[in-house]
Structure formats: C-alpha cells, structure tokens
Amino acid sequence: MSPHAYSDLPDHCFWRESIAGPAPQDVDPVVSSKFRIHPSDRVATAGSCFAQHIARKLAASGFNYFVTETAHPIFEAALAEAFNYGVYTARYGNVYTARQLRQLLQRAYGLYLPEEDAWKGEGARVIDPYRPQIQPKGFASAAEFAADRKQHFAAVRLAVERMDVFVFTLGLTEAWVSARDGTVFPLCPGVAGGEFDPARHKFRNFDVGEVAADLAWTLDFIASKNPRARTILTVSPVPLAATAENRSVLVSTTYSKSVLRVAAEQIARQFPQVAYFPSYEIVTGAHARGGYFAADLRSVTQAGVDHVMRLFMQHYGGEAPAPAAAAVADASREMLDEMQEVSRVVCEEEMLGRR
Amino acid sequence: MVDIEPSQMPTKVPPAIPAVLLFGLSHVVALRQAQADRNHRRAVTFNLVVEELLPKFNPLGRREQGRQVLNEAIEPELRRIVEEIEPQIIIAALWADQHFFMSTANLPRRLDFVLPAEPDLALDPAAELVPYDLMREQFRLHCGYLELMVEAARRVARAPLHLLPAPPPVADFGAIPGGSSNKHMDRLVAEHGVAPALLRYKFWRLISDIYNQMAAARGAKSLPVPPECLAPDGFRRAEYNSTDWIHANPQYGELVLKQIDALLAQKAES
C-alpha cells in the first residue's frame with residue numbers, strides 16, 4: 001500500500017486509537033492548546049449553567065479566578081453564593097446566548113439601553129429582567145436596583161479591561177427577546193419575574209451567522225478595551241430543558257449545539273487570540289457511553305466535570321498553581337470578628353460600670 | 001433583683017401594684033435608673049423586677065453542631081421569677097448593640113445599603129453597595145440567640161411579652177466625649193475613623209426590622225420607639241444621650257416606663 005494523506009497522522013486523528021481504544025476517562029480530544037494560562041493570569045468566566053462548573057473548578061484548582069464583584073467578607077459564604085457572588089466573575093448570572101453577552105457589554109459601557117428596563121416584583125420590589133434570579137426575591141427597592149446595577153456594570157467593565165483570559169461557555173441559540181428593540185432575556189418573561197406578553201415578547205432561534213457575528217463583535221470589543229485578553233470558547237454539553245420550537249426537544253438540542261459548535265469553530269479559526277476547548281465533546285462523546293449524564297439525562301455528573309477540568313488543567317494550566325490570596329481580602333472579616341467580640345465586651349463592661 | 005429596696009419603698013404604695021418583669025441586656029439600665037428616680041419621687045406605679053442577663057448568664061448561648069443553644073440556666077431562672085412575682089407584663093430588652101458594633105468604626109472595606117423603607121437616604125460614595133436582603137439574612141443569623149430567648153420567655157409565662165427596641169442611634173459622636181465606653185472600640189475608631197452616622201441609622205433600622213419580625217413570629221409585640229426621643233432626622237435627641245455612644249439615659253427610661261404604664265392601663269381596661 002502506498003503512502004497516503006492519512007498514513008503519518010498521529011493517533012488522535014483516528015477514532016479507534018483515540019476514542020474507541022482508551023478507557024473512557026482517558027480520552028483526550030483536546031490534543032493541543034493555542035496558549036497556556038500562567039498561574040498569575042486573571043481568568044474570567046461567563047456562560048450558561050455548565051459554566052458554573054468551570055468557574056467553580058477554576059477557583060478551586062489554583063487558577064487566578066478573577067472576580068470583580070465579590071461579596072463583602074462579612075457575609076457567610078453560603079449566603080453570598082445564594083446572592084450569586086463569585087458564581088461568575090461578576091454578578092451577571094447565566095449568559096446563555098452570544099447575543100446576551102454582546103448586549104451585556106453594550107449595556108455595561110452605556111452603548112445600549114433596553115426599553116424594558118425593570119420588572120415590578122412583590123410590593124416595592126424590583127426584578128432585573130436581565131438577571132432575574134440574581135437575588136432570591138429580587139431587589140428590595142427601585143433605588144437599590146439602580147445602585148446595584150451601576151455597581152454591577154462597573155464590575156463588568158473592570159473584568160473586561162483587566163482579565164487575561166476569558167472562558168465563555170455557549171449554551172443556547174433559543175431566546176426570548178423584546179419585540180420592540182431585540183433585547184435578549186435570559187429567561188422567558190413570566191418564568192422568574194415579569195409578565196409574558198406575546199405583543200412585546202417574541203421567540204428567536206439564532207443561526208450560525210448570527211451567533212458568529214455576535215461573538216465577533218464581542219471579541220473585537222474586548223480587544224479594543226483589552227488587547228492582551230485571550231478567550232477560550234466552549235459549548236455546554238447540557239441539553240435544552242425545553243424548546244419553543246414545535247418539534248422534539250432532542251432535535252432542537254442537536255440544532256442548538258450544532259450551531260454553537262460551528263460558530264465557535266469559525267471564530268476560533270478567525271481570531272488568533274481565541275481557542276476552542278471541547279467540553280461538549282468530552283461529555284457527550286460516544287466514549288462516555290452516556291455515563292457523564294445523571295439520571296435526568298441533562299445534568300453532567302461530577303465525573304464528567306472532572307474529566308473536562310482535568311483536561312483543561314492539563315492543556316491550559318500546567319504550571320504550579322499560585323496559593324490563594326486570602327490575606328488581604330479578609331481584613332474586614334477580621335475586624336468584624338473583633339467588633340463582635342467588642343460588642344460582647346461592651347455590654348458587659350457597660351453593665352459593670354453603670355450599676 | 002427587686003428594684004424597690006425596703007428602705008426606699010414609697011410610704012403610700014397602692015395595696016397591690018402590678019408587677020412587671022424586665023429582663024435582658026444593658027439597655028435595662030436606663031429603665032432601672034428611671035424606676036429609681038420614680039422611687040425617689042414617690043411615683044412608683046408598678047413593681048419593676050429587673051433580671052439582667054449578663055454577666056450572670058455568661059455566655060448567653062453557644063453553638064452546638066452548627067446550632068445555637070441558649071444557656072440552660074436562663075429559662076429556669078425566668079420561670080422561677082415569673083412564679084414568684086406573677087408579672088402582668090414582661091418586657092424583654094434583648095436588642096443590645098447589634099447595630100452599633102458594625103457602624104461605629106469604619107470597616108477596612110466600607111459598605112452601605114439602601115433601606116427599603118427610606119430608599120432615598122444617601123449612599124456613602126466611598127462604600128460598596130450590598131443588598132439589603134443579604135444584610136438582613138446575615139444579621140438575622142447573628143440575632144439567633146434573641147429568638148431562643150423570646151421562645152424561652154413565651155414558654156415560662158402567659159403574660160404578654162413586649163420587646164424593647166434599642167434607643168435610636170446617636171447622630172454626633174463628637175457631642176459625647178466619653179467615647180464608646182470600650183477601649184477596643186475606641187481603638188478601632190482611632191484606627192479606621194468613625195463610620196458615617198447615616199450608616200448607623202440604617203443599621204438600627206435593619207436590626208429593628210429583624211427584631212420586629214422575629215417578635216411577631218413568636219407571639220411577642222414590639223414596643224414602639226418613644227416618639228419624644230426622635231429628632232426629625234430619625235436620630236436620638238441629644239437630651240436622651242447618656243455618657244457613651246450607645247446607651248440612653250434615665251430620661252429615656254422614663255419614656256419607656258410611661259409606655260409600660262399605658263400597657264398596664266390597657267390591660268386593666270380589657
């Protein structure tokens with residue numbers, strides 16, 4: 001047999017050698033990385049639900065996970081997480097679509113003001129239409145909402161301008177948008193706030209061109225603010241929970257993931273500072289035999305997340321992790337502890353002195 | 001424990017003046033002093049029995065397997081007093097200085113929040129905004145032992161339970177040269193500066209919100225802050241200040257005693 005185009009290709013080009021042959025947990029479709037992340041690099045995250053796994057693992061794995069909207073250290077960690085501090089780099093909640101990410105940046109920089117600005121909650125409470133679940137019951141007042149959003153946008157700008165690496169997980173192509181100005185809602189109005197109005201809200205299912213265009217705009221914008229920032233695109237392996245298309249959710253899932261995967265490929269080829277990381281393939285590939293999905297066939301198991309992050313660390317990390325910098329952050333916490341002690345003592349001393 | 005010493009008993013004490021149990025923390029002092037003033041003036045209208053919890057029950061509680069547990073000696077002692085004096089009303093002064101310790105010295109990382117009831121109050125431009133609901137949840141945890149205390153009081157007596165608010169905050173610490181009355185807090189103030197007065201007010205309102213809801217959920221009532229002591233801006237009028245930055249004086253205590261008089265009168269009518 002004469003040599004041909006496949007004769008000298010490495011094993012990773014062959015299904016039997018690289019996918020069917022190895023044990024499922026040893027399959028490595030990453031092969032190589034466009035760049036490495038230095039331990040001191042500030043790594044920002046955003047994206048759909050699966051991005052939360054990535055953020056959590058990054059924070060726990062010695063990467064310099066970059067959070068620009070941190071909880072004040074007086075708060076208990078579990079409480080702070082319930083209010084979405086540290087879940088992502090800033091408190092934007094899940095960013096499911098490329099259009100949502102684009103509009104988030106536009107809004108943070110004052111380039112865009114959605115017509116539908118706030119939803120009325122219970123009593124005087126206010127729900128942010130663009131992060132409706134960021135707090136358990138929304139914002140306690142319109143004034144708090146306005147002040148918090150201003151602070152949030154500043155945190156988004158800081159992330160854009162200071163991050164070294166941005167990991168964005170593409171999740172969905174389906175979205176509900178304002179019929180008036182096209183603003184994307186992360187959740188259909190009425191699900192977690194607001195009221196669904198077919199005259200004001202319409203369904204969109206973005207195609208490859210739209211997703212790629214939104215990503216390209218976003219990457220150009222980030223580069224204009226922060227030329228050194230590099231981006232890693234991934235596609236969430238989590239299937240759609242529901243589709244608004246009149247067809248099987250399985251068919252819609254395949255369409256969505258295909259569009260996102262193609263758009264990510266196009267962008268990674270077009271932009272030298274952008275890499276694609278195959279989270280989707282690691283979890284959904286045939287090698288896993290469906291074993292990386294939990295009983296609901298949607299949630300990714302811990303083993304699946306671990307596989308993804310192990311390869312992420314292996315190909316993008318690789319240097320000794322920097323120790324977590326906690327010393328500075330907790331000066332306020334220490335002072336709070338001291339104040340609580342003082343509080344106890346104040347009571348006692350005051351009582352002794354006033355008898 | 002009983003405030004009216006035999007030697008100070010009024011000469012014309014009504015044959016059966018009602019008993020009122022006041023238990024709690026350091027804010028009981030202003031009421032006890034006011035009652036002593038009434039004694040001197042022969043103006044006692046009820047027998048005020050004061051049970052001050054610290055340092056007698058120190059610590060008030062502890063954490064066991066992540067749960068707060070009340071000092072086991074408190075409830076039996078309250079029961080003993082209730083059986084002995086049969087109070088018509090119980091006043092609990094459990095709100096100590098939870099608002100004060102967070103808003104007296106600046107934190108290294110300053111914070112501020114919007115009060116839902118007064119959303120137009122200014123925000124500290126040097127501070128980060130934190131959500132009111134998050135503040136509320138955090139400080140509700142810190143007030144956990146108050147809930148246990150109220151529950152204990154409800155178990156030992158059928159008499160109505162009223163919760164005493166902390167006196168309104170002081171606007172101008174500079175007017176009280178005595179400082180916080182605690183050298184540690186004074187050092188923190190010297191080191192970090194005095195926190196904005198408005199933050200102190202907001203904390204007071206925040207704890208008030210927690211305290212009132214906690215009381216309502218356990219069948220207790222919250223005594224209102226005596227309106228006479230409030231300045232138009234919501235801070236305490238200077239004439240009710242004591243010699244430190246948190247506690248009020250006997251004149252303030254007298255305002256509360258009058259509230260208790262009114263409660264007893266209502267009870268008698270009903």
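All chains are named by letter (A, B, ...) in the order of the sequence lines, taking the proteins before the strands, and each is independently numbered beginning at 1. Note: hydrogens, waters and symmetry copies are ignored here, and every other heavy atom, side chains too, is used. Source: prediction; values computed, not measured.
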Asks: Taking only heavy atoms into account, what residues of residues 61-69 of chain B are found under 4.5 Å from chain A?
Replies: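 At a heavy-atom separation under 4.5 Å, chain A is reached by no residue of residues 61-69 of chain B.
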Asks: Side chain, backbone, both or neither: which part of B:Leu123 has a non-hydrogen atom closer than 4.5 Å to chain A?
Replies: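 For B:Leu123, the side chain is the part near chain A, not the backbone.
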Asks: Walk me through it: do A:Phe75 and B:Met135 pass the test side chain to side chain contact (heavy atoms under 4.5 Å, CB included)?
Replies: CA-CA 8 Å; A:Phe75 297 117; B:Met135 291 290 291; 3.5 Å; yes
Asks: Does the side chain of A:Ser141 reach to within under 4.5 Å of the side chain of B:Glu118, using non-hydrogen atoms?
Replies: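 No - every pair of side-chain heavy atoms lies 4.5 Å or more apart.
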Asks: Between A:His72 and B:Leu134, is there a side-chain heavy-atom distance shorter than 4.5 Å?
Replies: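 The answer is no; the side chains never approach within 4.5 Å.
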Asks: A:Ala82 versus chain B, heavy atoms under 4.5 Å apart: side chain, backbone, both or neither?
Replies: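 Neither; nothing under 4.5 Å.
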Asks: Exactly one of B:Val114, B:Val130, B:Leu115, B:Asp133 should register a side chain to side chain contact (heavy atoms under 4.5 Å, CB included) with A:Glu144. Which one does?
Replies: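 The passing option is B:Val114.
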Asks: At a 4.5 Å cut-off on heavy atoms, which part of A:Ala124 comes close to chain B: side chain, backbone, both, or neither?
Replies: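 The answer is neither part of A:Ala124.
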Asks: Is the number of heavy atoms from other residues, nucleotides or ligands within 6.0 Å of NZ (A:Lys137) greater than 12?
Replies: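 Open: at most 12 neighbouring heavy atoms sit under 6.0 Å from NZ of A:Lys137.
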Asks: Under a 4.5 Å cut-off applied to non-hydrogen side-chain atoms, are B:Pro131 and A:Tyr85 in contact?
Replies: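 A side-chain contact exists here, since the closest heavy-atom pair is under 4.5 Å.
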Asks: Checking B:Arg109 against A:Thr70 for the side chain to side chain contact (heavy atoms under 4.5 Å, CB included) test, could you report, in this order, the C-alpha distance in whole Å, the side-chain angles of both residues, the deciding distance, and whether it holds?
Replies: CA-CA 12 Å; B:Arg109 187 171 151 184; A:Thr70 54; 2.9 Å; yes
Asks: Enter the distance from A:Leu79:CG to B:Arg136:CZ here, rounded to the nearest 0.5 Å.
Replies: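 One gets 12.0 Å once the value is rounded to the nearest 0.5 Å.
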Asks: Determine, step by step, whether A:Ile74 and B:Met102 satisfy the side chain to side chain contact (heavy atoms under 4.5 Å, CB included) criterion, reporting the C-alpha distance in whole Å, the side-chain angles of both residues, the deciding distance to 0.1 Å, and the verdict.
Replies: CA-CA 10 Å; A:Ile74 67 164; B:Met102 276 297 296; 3.9 Å; yes
